[in-house]
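No hydrogens, no waters, no symmetry mates; every other heavy atom, side chains included, goes into these values. Because the structure is predicted, anything quoted here is derived from the model rather than measured.
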Amino acid sequence: MRLNIYREHQLADTYNYVELTILTKTSDEGVYDGQYTLAVYDHAADTDKDGKTVELTGKVSCGAE
């Protein structure tokens with residue numbers, strides 16, 4: 001399963017965005033294990049003005065019936 005959520009906010013010539021990507025594979029019937037990546041860019045917090053995002057990653061697991 002792949003889920004990608006992206007939200008962008010633009011004001012004048014500046015923008016901010018958040019992107020969440022979840023990648024999983026079925027390990028057993030109805031059980032999904034994988035990884036997530038959360039990328040955040042906040043123009044106001046970008047004091048270096050380098051345009052780099054802050055990225056957080058980790059493991060994710062969920063189930064379905």
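- To the nearest 0.5 angstrom, Asn16 atom CG is 7.5 Å from His9 atom NE2.
- Note: Thr26 OG1 to Asp33 CG = 9.0 Å, rounded to the nearest 0.5 Å.
- Atom OH of residue Tyr32 and atom CG of residue Leu23 lie 14.0 Å apart, to the nearest 0.5 angstrom.
- Screening Asn4, Thr57, Ile5, Leu38 for a side chain to side chain contact (heavy atoms under 4.5 Å, CB included) with Thr21, the sole residue that qualifies is Asn4.
- Residue Ile22 is grouped with residue Leu56 when hydrophobic side chains (ILVMFWY) are merged at heavy-atom distances under 4.5 angstrom, including chains of intermediate members.
- Cluster membership for Val18 and Leu3, using ILVMFWY side-chain heavy atoms within less than 4.5 angstrom, is shared.
- Under the 4.5 Å side-chain heavy-atom criterion for Ile, Leu, Val, Met, Phe, Trp and Tyr, Leu20 and Tyr15 are members of distinct hydrophobic clusters.
- Considering NZ of Lys25 and CD of Gln35, their distance stands at 11.5 Å, rounded to 0.5 Å.
- Thr53 has its side chain within reach of Tyr17: a pair of non-hydrogen atoms, C-beta onward, lies under 4.5 Å apart.
- Side chain to side chain, Tyr6 and Glu8 meet the donor-acceptor criterion of an N or O pair below 3.5 Å.
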